[in-house]
Structure formats: structure tokens, C-alpha cells
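Since the structure comes first, as C-alpha cells, the remarks are kept for the end.
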4 protein chains.
Amino acid sequence: MVGTKHARGPVVVDNELGPRALRKAQRPQEILQAAFEEFVERGYTATRIEDVAARAGVTKGTIYLYFQNKEELFQDVVGKLSQPVFDENQFLEQHQHRSCNELVRLFLDTLYEHMTVNPHSREILRFLIADGRSFPTLVSTHFDQFVKPLLTMFDRILQKGVREGVFEIWAEDHISQILISPALTYAIDMLLSADNTKLPELPIYINTHYEMVMRTVRKASV
Amino acid sequence: MVGTKHARGPVVVDNELGPRALRKAQRPQEILQAAFEEFVERGYTATRIEDVAARAGVTKGTIYLYFQNKEELFQDVVGKLSQPVFDENQFLEQHQHRSCNELVRLFLDTLYEHMTVNPHSREILRFLIADGRSFPTLVSTHFDQFVKPLLTMFDRILQKGVREGVFEIWAEDHISQILISPALTYAIDMLLSADNTKLPELPIYINTHYEMVMRTVRKASV
Amino acid sequence: MVGTKHARGPVVVDNELGPRALRKAQRPQEILQAAFEEFVERGYTATRIEDVAARAGVTKGTIYLYFQNKEELFQDVVGKLSQPVFDENQFLEQHQHRSCNELVRLFLDTLYEHMTVNPHSREILRFLIADGRSFPTLVSTHFDQFVKPLLTMFDRILQKGVREGVFEIWAEDHISQILISPALTYAIDMLLSADNTKLPELPIYINTHYEMVMRTVRKASV
Amino acid sequence: MVGTKHARGPVVVDNELGPRALRKAQRPQEILQAAFEEFVERGYTATRIEDVAARAGVTKGTIYLYFQNKEELFQDVVGKLSQPVFDENQFLEQHQHRSCNELVRLFLDTLYEHMTVNPHSREILRFLIADGRSFPTLVSTHFDQFVKPLLTMFDRILQKGVREGVFEIWAEDHISQILISPALTYAIDMLLSADNTKLPELPIYINTHYEMVMRTVRKASV
DNA sequence: GATGAATGAGTCTTCATTCAT
DNA sequence: TATGAATGAAGACTCATTCAT
């Protein structure tokens, strides 16, 4: 028998597996996604393993085949469902021919696109705020993996602009963090609004954000 | 000493109330504060009424003399411990002689001061993000009472600047929200960092924020 | 000061007492009555002392001035609110000139009247059935005080009839109990029917009961 | 022995179900019976779910696998443990050759037998009297299902007697109810007497009851 | 006497986790 | 592997009882 039993783990599903084995190989992902959705709806403590199971189409016991306990399940949800906003290496190279203004615009567009389209990124922020105190490693891990790269990349764009003589840095520190802030505000707005009707209209909001950044960093023309 | 029979407990007794009555008058506040601290540490669901009671120096039953149930207790914590950042009517009048630049600076200083000194304001944000979905009214109420006035006031400062010819508004909308964003970012940072060692140094951060605002709204000198 | 303080107990209120003292002298009765009503509505276990107090127009603590605890209160309700159906000594003497048929009729009329008018008698039956197992003395005491005299009196009427040659006793035993049974049935009916619309019409019911008795005990005319 | 793997517990395992499935199939009945006994001993409010569980040989949690809550458990006890006294259709047919006198006797014998042997029937009466006010549907449902058929059947016996010229109906209404009353009295007696020593001796009691009925309905011979 | 704030034992109910099948 | 019956620790909430005022 080829490639069937005991073929599990964080596996990229290959074409060898039969449908049952395929199913099995996907289980962890399915459970993670189901858990994510339940955690989003009710928060960590109020989420019941049984509901996660039901949503994943399995039963309670099965959860425990793949995850030690509820705590580990939660940590894995946060740790494994996050997606980096950028493929760090590619972004700058891929767009090196662009002007710095365009890079800023592209950065913002990509950031808002990611936040808006992908519920994981913003909801995991909710998890960290809500339950981070109970999972201390999670917060710093997540910051290092997802936030810091973002700030670094924005910094590099700014520095590129400085080198090219179109931007100027006028402050001691925290510039990237401050200039990106409106995106966080938008994310929080999304987390807080039950119906999205009250949210700012995104294109306008991005425009204003972009203008703010440009007016802030643009080098005063001599 | 007048009218202080049998004063006992850690309470300073005043002349109007017997110790019993006094305690009763203070209990709700004491319980709210204790509840606040527990909710901060563990989140709504994971907080046990008994722990709130212990922290308030009473027993389970006493909580229920003052609050219908855990849910109401939570709502009251959010609803009654919030303090507005500004006394809206006074701020502008009191400082009408100031320049608009100074007003912006004063606004930011006050805002950060409030956020930093007063744990209620930022922690209640945590509650809203963590459990707002279970308490829908809470979110909108809180927004109307505390956030909207802030945005409005900042708007008025900007408009004053425009009238006086020192500021210019260059964007369609959401300007105040975007310009204030860094303060929210700082609040979230505080919520996420277990030890405050990793936080940005506040004076520098405020400076950068202030500079960002000024560069953004300053009217291009002719 | 005349006849005021400490004048309480199961006292027949005399004219000496001032209004406050009067109040006090009546308290136990008022509490008993309030307790009775609450016990009727909710049953022993589900009745809360505080509700009894509220209904009696006093506060929790006051109940404990007059009754040791909830159990004693309940026992006193059952023990002190029952009223005998007949003044045993008077009934037969007062009506000695009546025919035996008339006595039977009078007996039944009085019995149903009592049961119908006075909620105590039938509701205490409910207490005994519901909670008698927890208060063993109560049941036998009540039986001896209220049921046995009833049976005895009916027996005496029957025997009078036999002596006068109009009734005949045709059975070994339990005759009175069996002949009175329909009254108990009616009482139970009242206890069970939420709205009294479904109850038998009382005059007709009594007639039928009376006829049953007469046909049963009437001596076969020679 | 066939198909009885790992049989354990006090249960006789049959061949169709595994021990696990079997237990599950039997659990509800076992719990109902245990609950019945506890409710009988203490009454609805004073009965603790944990005691029911212990008596059923399971733990608290298990109760909630089969019943929503205590209230539903109680309703099911009342609703599912009652047994009709007669198989309505069969009784009259099966005994059509009997004389009406014999039918009456048979009716009474069956009724008392049922009441005496089967604790459910009389104890459920206790539940209805004690807690019926909190479960209004229960009372009327029970009356329709168990009491009304009884009265109807007795009516039919009487009418048969009338048709055959041996009985006469001499009253406007409620005759069956009144003639059956002594059985209710006996049931109440059983509910009230802690030890059954004080109860009437059943055979004599039934005799007297029977005589009462016969003297009441027998047609005066011409 | 009367009050009612405070207590804390007691009870229902939930749910993470285990384990026999 | 997968199931889901069973467990029992834990937590919200109630209420008889006490006692300082």
C-alpha cells in the first residue's frame, strides 16, 4: 500500500494520497480554520472545543488527535494562520524601477488590501489584544514575524527616498510606526464595527493616508 | 471627634454617614474598580466573580447586592469608569488666545497624558475589542461618548487654523482620524507589551507625532 | 408607661395597647398569613424568607425575631392557621332536634362551605402531601386534630341514625372515611385546577354526594 | 456466552448491542427511575441533580447528556413513568360476559391493585399537587391521559347496568367521580402515612367501597 | 424591636479532557 | 483513526441566617 497510513503532519498534500488519506492530511488545517472562526466569534475562553469540532465536521475526540489541548490549539491558530503581508524579498526588487512615491502608494495599497481581504491578519490582532496576557510568547513572536518586517520595509522605502533626495527625515524616531498608524486605526475600526456600514470608505481613506505620508516626508523643494 | 462611632476598617469616616452607610455608599465604586482590574488581567469570560469579590475585600454574595449579574457588572465597568479626555466646553475657550500650533500640541499632550496616566481609557479599549461582539451597545455608546468628541474637537482646531490662514485642508475626509491615529497605535502598544520597557519613549514619540501633524496641515507658505 | 413594651405572644388583642404595641402584637399573625400565602404559591423549598417578609410588610430580620428559622415558620403556618370545621361540642347539641337526614345534609354543607371558603384547610392539605415527609409530626398532629374529629362526628351521626332506626350499617369498617371521600376529591380538584372554571358546580356536586350517602346508609324499608 | 464482550456493571447484556450502546439505550430509563425516587423522597425543589445521578450510578454531567435541565427531567418523569390503569379497549370486551356487578368489582380491584402495586401512579399525584402550579401543562395533560379515561370507563359500566335494568342513575351529574372518590382517599392516605401500618386494611376497604357503590346504584327492585 | 448589608454554603449547569469501542 | 459517552472540576448565582447599627 502506497503512501496512505500515517501520512500526516504539516504536509503539502501531494498527488500520491488516496482521498481518505488526503482527507487526513488536511484535517489539521481544517481544524485550525474552524477554530479560528470560532475564536473570532466568541473569544478564546468562550469557545467550546465541541463547536470547533462541529464546524470542522469532526467530533470532539478528533481534535485531541491533532492538538494537545485547547491552549495549544489556540496558539497554533495564531501561529499558523498568519500570512505575511509582503513577500519581503521580492517586493522591493520587483518594484525597484518605481518612484519612491509609487512605492509608498504600493505599500499602502498592499497593506490595506491584505488587511481588508484577509480576516486572519486583523482578527489575530484581536486575539493578541484580548488574550495576549495569557500567551506571552505569542505577542512577541507575532510582532517579530509580522509587524517588525512591515516597519522595516517602510523604513527602507523612506531611506531610499532620502538617498534619492525626494524625502527628508525630520524626526528622531518612530517615524514608520507613526506614518503607518492609520492602517492600524482602520483595522481596529473593522474589529469594532458589527456592520461594516459605518466604516470609512476605503479608497478615500487610503488617499488621505497617502497624502498625509507624502506631505510629511516630502522634501521641501529648494 | 464628632459623629464617628465605632469607626473601623481602612476607611476614613466622614461626619455625615455612619460607617455602615458609608461603606455601602462606597461599595459600588470599590467593586467596579476591583472588577476592572480583574477584567483587565483575565478578560471578561475568564474572570471569576469570586476573584472580583476578593479583590474588593468582600464575598461573592455582596457583588450581587449591587449588580444583577456578571454581564451587568461588566457593562457598568465599561460605562462608569470611562473619563472623557477633555472637558469639551472649557478646552477651546480656556486656550483661545493660543496659536493653532500650540493648540495642536496641547491637544496631543493632553491626549497622551490621559492615555498614559489613566489605565481605564486604554483598557476599556481592550474590552471593546475583546468582547464588544457580545455587548453591541457598549461599542457604539463608547464611540459616541468618548471618541467622537475627540475627533470633533481636533476638527475644530484644524478649522480654526484654516480660518486663520495657517492650516490648509487638502483631503476629502477622515483627516482627523488619520492624524490622531498614532495615539491609538501607542495605546495598542501599551495593551500588548507586558513590560513597558519596549514601548517608544513617550516624549520623542509625541514630538514625532506632532511634527507629522504640522507638516501635514501647515499651509504652504506663499 | 402602660401596657406597651414586651407585650407580645399569641395574644388576644385587648384594648389597652397603643397602636404601636398593637402592631407588634399582631406581627406574628401577619407573618404567618404572609408565609402561608407564599408557601401556597411556591411550595416550602422554593419560598424565600425575603418574600414572606416583603408580603408581611417587614424585612428579613424581623421574621427571625418571631420564628427560629424557616422550618419553624412552616410548622407554625400549618399548625396555627388550621381551623376546625366544626365546633365539635356545639354542632350535635345545637342541632339535636334535627332529623338524621338533615344532620347529614348539614354536615356536608358545613364541610364544603369550610373547604371552599377557607383556603387554609385545603392548602394545608397540599403542604402535607408535598412536604409532609420532611415534617413527620405535622401529618399525624394534623390528622388527629382536624381529620379524626370529622370522621368521629360523622360516625356519631350515623350511629344516631341507626339508633333511631333510619340508617343501617352494612359494612365492616371505614364507612365514614368512604362516605366523606367525595369532599376530599373536591378539595384535590381545587388544588389542581389553576382556574376554577373546570371545577364541578358545587351545589350539584353536593346534592349528588348527599344522595350517594343516603342511598348507602338508608335502612331498607321493611 | 455469545456477544457479550467485557460485560460489566449490574446489567444483563443482550446479544444485539455492545455493552456501550446498551448502556446508552438504557440510561434514560435508569435516570428517570432514579429521578422519580429522589423526587418522591424530597420533592422537586429539594432534589439535587447530583443525588439523582448517584442513585442512577452515574455522575452529574451524564444527566445533562439525556435531559436539558432539571425542569425537563421532572416533566419527563411525570410524563413518561405514568402507566394507564386499564388497557381501555380490552377491559370491557374481555369481560363482556360478566354481570355488571362483577364489572364494578373488577374495576375497583384493578384500580386498587394498580394504585397499590405501582408507586408511580400515586406519587405522580403528589408531584402534581406539590408542584403542579409550576408546571401547568402537566396537570391537564395528566388528567386527560389518565383520569378522564378512568371516569369514562366507569360511566360506561354504569350505563351498561342501566341498559340491562340492574342499575339506576338518580343524580344530575358527577356520579362517577363521586363513586370513585374512596380510591383517591386511599391514595392520599398512602401518600401521607410514613409507615403503612396506619392504613386501612385494603380488602376490607375495597369491600366497603364496593358495597357503597352497589347500594348507591342498584335499581330498587320492584 | 427593626433593619438590611454581608456572608458563604449549596446547587445548577457547562465543558475540557479521557478512554472504551 | 475516529467516535462520543462519561467524567468531574469549576463557576454563576441564590438564599437562609447573622449581626452591627
Side-chain angles (χ1 to χ4, degrees), chain A residues 4-6 8 20-21 23-24 27 45-53 57-71 73, chain B residues 5-6 8 17-21 23-24 27 45-53 57-71 73, chain C residues 4-6 8 20-21 23-24 27 45-53 57-71 73, chain D residues 5-6 8 17-21 23-24 27 45-53 57-71 73:
Chain A
T4 46
K5 295 201 175 179
H6 302 294
R8 74 187 158 94
R20 251 235 297 280
R23 202 69 225 286
K24 266 193 288 195
R27 276 280 151 74
T45 319
T47 290
R48 298 156 7 128
I49 291 286
E50 188 151 19
D51 290 339
V52 173
V58 299
T59 54
K60 278 197 304 286
T62 305
I63 305 281
Y64 287 89
L65 295 176
Y66 298 99
F67 303 89
Q68 279 282 313
N69 50 35
K70 192 181 173 184
E71 214 165 291
L73 176 61
Chain B
K5 300 177 194 170
H6 302 296
R8 78 189 154 85
L17 298 161
R20 197 85 173 298
R23 296 261 27 179
K24 178 166 165 58
R27 280 270 190 265
T45 320
T47 290
R48 304 166 349 141
I49 288 287
E50 193 153 14
D51 291 340
V52 173
V58 297
T59 54
K60 275 200 309 293
T62 304
I63 304 285
Y64 289 93
L65 293 178
Y66 298 96
F67 303 90
Q68 282 278 314
N69 51 37
K70 191 181 173 185
E71 214 165 290
L73 175 61
Chain C
T4 46
K5 295 199 176 179
H6 301 296
R8 74 186 160 97
R20 251 233 299 277
R23 204 65 225 286
K24 265 193 286 195
R27 276 281 151 74
T45 319
T47 290
R48 297 156 9 126
I49 290 286
E50 189 151 18
D51 290 340
V52 173
V58 298
T59 55
K60 277 200 304 287
T62 305
I63 305 281
Y64 288 89
L65 294 177
Y66 298 99
F67 303 90
Q68 279 282 313
N69 51 35
K70 191 181 174 185
E71 216 165 288
L73 175 61
Chain D
K5 299 178 194 168
H6 302 295
R8 76 190 153 84
L17 296 161
R20 195 85 172 300
R23 298 261 23 180
K24 178 167 166 58
R27 281 270 189 265
T45 320
T47 290
R48 303 168 349 143
I49 289 287
E50 191 153 16
D51 291 338
V52 173
V58 297
T59 53
K60 276 197 310 290
T62 305
I63 304 284
Y64 289 91
L65 293 178
Y66 297 96
F67 302 90
Q68 283 277 315
N69 50 36
K70 192 180 173 185
E71 214 165 290
L73 176 61

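Applying the 4.0 Å criterion to OP1 and OP2 of dT7(F), one finds that T59(D) has a side-chain N or O inside that range. For T62(A) and dT3(F), the shortest distance from a side-chain N or O to OP1 or OP2 is below 4.0 Å. Between R27(D) and dA6(F) there is a side-chain polar atom (N or O) within less than 4.0 angstrom of OP1 or OP2. Put simply, Y66(A) has a side-chain N or O that comes within less than 4.0 Å of OP1 or OP2 on dA2(F).
In this entry the distance linking CD1 of I49(A) with P of dT14(E) reads 17 Å, nearest Å. One can place CD of E50(A) at 12 Å from C1' of dT3(F), the figure rounded to the nearest angstrom. As a whole-Å value, the separation of I63(A) CD1 from dC19(E) P is 18 Å. Counting to the nearest Å, the C1' atom of dA16(F) and the CG atom of D51(C) are 13 Å from each other. If you take CG of L65(D) and C1' of dC15(E), they are 11 Å apart, rounded to a whole angstrom.
Contact of the L73(B) side chain with the Y66(B) side chain is not registered, since no non-hydrogen atoms from C-beta on lie closer than 4.5 Å.
Residue A53(C) comes nearest to T59(C) through the heavy atom pair CB-C, 3.6 Å, listed as atom of the first residue, atom of the second, then distance. Nearest approach of Y64(D) to I49(D), heavy atoms of both residues: OH-CG1, 3.7 Å.
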Worksheet entry | Intra- and inter-strand pairs of DNA chain F in dot-bracket (Watson-Crick or G-U wobble, both distances under 3.5 Å; | for another strand) | .||||||||||||||||||||
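Both G61(B) and R48(D) lie close to DNA chain E; mapped to their nearest nucleotides by heavy-atom distance, the more 5′-ward contact belongs to G61(B). Summary of the strand contacts: A46(D) and V58(B) both lie near DNA chain E, and taking for each the nucleotide with the nearest heavy atom, the more 5' one is attributed to V58(B). Closest-nucleotide positions on DNA chain F for T45(B) and G57(D) were compared, and the one nearer the 5' end corresponds to G57(D). Residues Q68(C) and K70(B) both approach DNA chain F. Their nearest nucleotides, taken by heavy-atom distance, put K70(B) toward the 5′ side.
When each of dT7(F), dA5(E), dT17(E) is scored by its nearest atom to the side-chain atoms of K60(C), the top-ranked nucleotide is dA5(E). Of the candidates dT7(E), dA9(E), dT18(E), dT18(E) carries the atom nearest the Y64(A) side chain, counting heavy atoms from C-beta on.
Judged as a salt bridge (charged side-chain N to carboxylate O under 4.0 Å, His left out), and not counting sequence neighbours, K70(C) has no contacts. Partners of E50(A) by salt bridge (charged side-chain N to carboxylate O under 4.0 Å, His left out), not counting sequence neighbours, listed by chain and number: K60(A).
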